[in-house]
Number of protein chains: 2
Amino acid sequence: MSQRRITIYDLARAMGISASYVSRALNEHPSINPEVVAAVKKKAKELNFKLNSHAANLRQGSSKTLGVIVPHINQSFFSEIIAGIEEICFEHNHSLIICQTHESFQRECLAVDTLVRQNVDCIILSVAAETTTTEHLESIAQHNIPLIQIDRYLDQLNSCKVLNDNKKAAYDVMQSLFGQGYERIAFLGGPTHLTTFKQRRDGFLQAWEDSAFSNRTPLLFDDVFDLSVVTKVIDQLLQNENRPDAIFTVSDHQSVAVLQKAESLGIRVPQDLGIFGFANETFTAIMNPSLSSVDQKSKELGIRAARVYFDDIRKNNGIPKINEVILETELMTRQSSIRR
Amino acid sequence: MSQRRITIYDLARAMGISASYVSRALNEHPSINPEVVAAVKKKAKELNFKLNSHAANLRQGSSKTLGVIVPHINQSFFSEIIAGIEEICFEHNHSLIICQTHESFQRECLAVDTLVRQNVDCIILSVAAETTTTEHLESIAQHNIPLIQIDRYLDQLNSCKVLNDNKKAAYDVMQSLFGQGYERIAFLGGPTHLTTFKQRRDGFLQAWEDSAFSNRTPLLFDDVFDLSVVTKVIDQLLQNENRPDAIFTVSDHQSVAVLQKAESLGIRVPQDLGIFGFANETFTAIMNPSLSSVDQKSKELGIRAARVYFDDIRKNNGIPKINEVILETELMTRQSSIRR
DNA sequence: TTGTAAGCGTTATCAT
DNA sequence: ATGATAACGCTTACAA
């Protein structure tokens, strides 16, 4: 039952050769006769030998593993990103360790800790909503682990970034809403210490200024991200006499809350209220009415982030040539914002 | 820039003590003066020291890490399971490595390989739909790594299991549908080599036999799980003259497909067609009509699975006392199956 | 209480 | 082409 793990020494003994030779054979070192390679691999399979990664990593100082930290893994936006990263890791024979922060700063620190201890070759991070400081992230660099920020990011942190053009996307959404004849458009934003959300806010404001309604005060609500907060704000907003005729949110879950509140108040969507979200979560397409949303090309975001590591950072000895990758977004205009 | 990683030797030198003493201090060994512990930890923070897990694991033969393998991480059923496992791992100061198979057998083998190489202390697995053989899973035991199957499982494999009472749940769903006056109830099943799906099928058949319609042939479709397959079957089923008046599926994604097809054909749900799914995915509650589904208590499944490892397997030196944990389910009867 | 030294399973260097 | 040996960073007997 409790037999020891099979090591290369066991293999070596079983085959009458040395451990170092076995190691080289398993790694297909060029100096080794292909027949020997085959024989060793066959024996390894026979004895159910599995390489001990810890030993190999310790020796090599590299773990052939990337780490990814996201707020939630059960949002299709992030799980698509992860799928993209996985795809590229797979191509390069690397593993992936996934951590989720649940938007908590403390969990983010913990995740960073875990990944550094695991000696991952690179960390891909989408910042938690709670995070305002960068100390825990700066420490990553001291371990010579490259950091790539993806989607959500902190501007003050010096790292590669893979992003959307959030300002443009938000601007485009506003054009779409104006085009549908909506005039009193409210904006439900996220935490503005994250540049990503600040940019969406900028896009909203820019579009407002460029519009025929620029003399009116824009209906802007910052940091309405948490479900409990967003519910309260929507309550007030929709029960108000001068309620908005459209609501643009920086996430799809905010949009769902808006839709549900509207339904409970008998406000018709999209006739009386237009709704536009962000991230193109899977459920937006199957809801009824279906929810308009910004497709951020999440899987491609993941692919590009991983490629920044493999094709740029790694090839240039840790010093990236590319600093920012900007991906186009696509407006998925659905029932919730089409009334013409 | 490219400084070496800080080790306990660096700490030791900086403090004028030995490395082993540092190690013990960091691990809060009882023999160590609390002041020394504090001082060492302070210095460690100051120098941004992070323990090299690979080295520690290699030495200790344990990684303080669990591994979990699931078909998809972006289904709330599985992500809730993971959240549950995470919670318990966190309590016990363990990390978690998450792998997804995308229902592919090959990917599952790869994930097992990765986790064994990473020397995880335990593997929690929900089998991929494609998997019919157990060889790759039996090899896990040879490495003295305990395996816990969760939700989806292969009966022929000797391992701990954390499950729902699937037969009962399916039986209950049928009672609910009969209670709503549905009579021609079709069953869209999954791959029956996975016992989980076989049990749901059994529950359906049992309920059928116990019903007033037992003389009629049950409308049973096995292995209608893949989206492309399910779409075809639904197409035929709903365009048929004698189409069913209710459809019970073993997953929520099948139910969504049914709902969408029904809508496109102008079949009213729930009046003309009742729909009942399985897993209680997040989106089922926000759809319109909302989808009835079986709540499998997914987070609790995860919690219990992790506890089987920490509270049972680990405490009994790898030999579990508990072999099966069965969790009750709850019927979430929503708009899609209520017509009375 | 503190230090010395061996060893975990690999791989890389240096021989042969 | 093949083998001996040291080293990766840590923990743990054992010694002092």
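Chain identifiers are assigned alphabetically (A, B, ...) following the order of the sequence lines, protein sequences preceding nucleic acid strands; residue numbering begins at 1 within each chain.
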S.K.: Could you tell me the separation between the NZ atom of B:Lys64 and the P atom of D:dT11, rounded to a whole number of Å?
M.R.: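 Interatomic distance, NZ of B:Lys64 to P of D:dT11: 10 Å.
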S.K.: Can you sort out the partners of B:Asn57 under side chain to side chain contact (heavy atoms under 4.5 Å, CB included), two or more places apart, ordered by chain and number?
M.R.: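 With sequence neighbours excluded, B:Asn57 shows a side chain to side chain contact (heavy atoms under 4.5 Å, CB included) to A:His54, B:Ser53, B:Ser63, given in chain and number order.
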S.K.: To the nearest Å, how far apart are B:Asn57 CG and D:dT12 C1'?
M.R.: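 Checked: the CG to C1' distance equals 16 Å.
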S.K.: Could you pull out all residues at least two apart from A:Leu327 that satisfy side chain to side chain contact (heavy atoms under 4.5 Å, CB included)?
M.R.: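 Checked A:Leu327 against side chain to side chain contact (heavy atoms under 4.5 Å, CB included); matches are A:Asn164, A:Lys297, A:Glu300, A:Leu301, A:Arg304, A:Val325.
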S.K.: In whole angstroms, how far is the P atom of D:dG3 from the CG atom of A:Leu11?
M.R.: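 Going from A:Leu11 (CG) to D:dG3 (P), I get 14 Å.
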S.K.: Salt bridge (Lys or Arg N to Asp or Glu O under 4.0 Å): which pairs involve residues 95-113 of chain A, sequence neighbours left out?
M.R.: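 Non-adjacent pairs meeting salt bridge (Lys or Arg N to Asp or Glu O under 4.0 Å): A:Glu103-A:Arg152, A:Asp113-A:Arg117, A:Asp113-B:Lys50.
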S.K.: Treat primed atoms plus P, OP1 and OP2 as sugar-phosphate and everything else as base, then score nucleotides 8-16 of chain C 5' to 3': B for base contact with protein heavy atoms under 4.0 Å, S for sugar-phosphate contact only, - for none.
M.R.: BBBBBB---
S.K.: Can you name the side chain to side chain contact (heavy atoms under 4.5 Å, CB included) partners of A:His29, sequence neighbours left out?
M.R.: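 A:His29 satisfies side chain to side chain contact (heavy atoms under 4.5 Å, CB included) with A:Arg24, A:Ser31, A:Ile32 only.
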S.K.: Using side-chain heavy atoms (C-beta onward) and a distance below 4.5 Å, is B:Val40 in contact with B:Ile17?
M.R.: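 Result yes, sub-4.5 Å side-chain heavy-atom pair found.
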S.K.: From CD1 of B:Ile17 over to C1' of C:dT4, roughly how many Å is that when rounded to an integer?
M.R.: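 So the two atoms are 15 Å apart, to the nearest Å.
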S.K.: In chain order, what residues pass the ring pair (Phe, Tyr, Trp, His ring centres under 6.0 Å) check against A:His193, with sequence neighbours excluded?
M.R.: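 Ring pair (Phe, Tyr, Trp, His ring centres under 6.0 Å) check on A:His193 returns nothing, list empty.
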S.K.: Nearest whole angstrom, please: distance from the P of D:dT12 to the CD1 of B:Ile32.
M.R.: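 Answer to the nearest Å: 12 Å.
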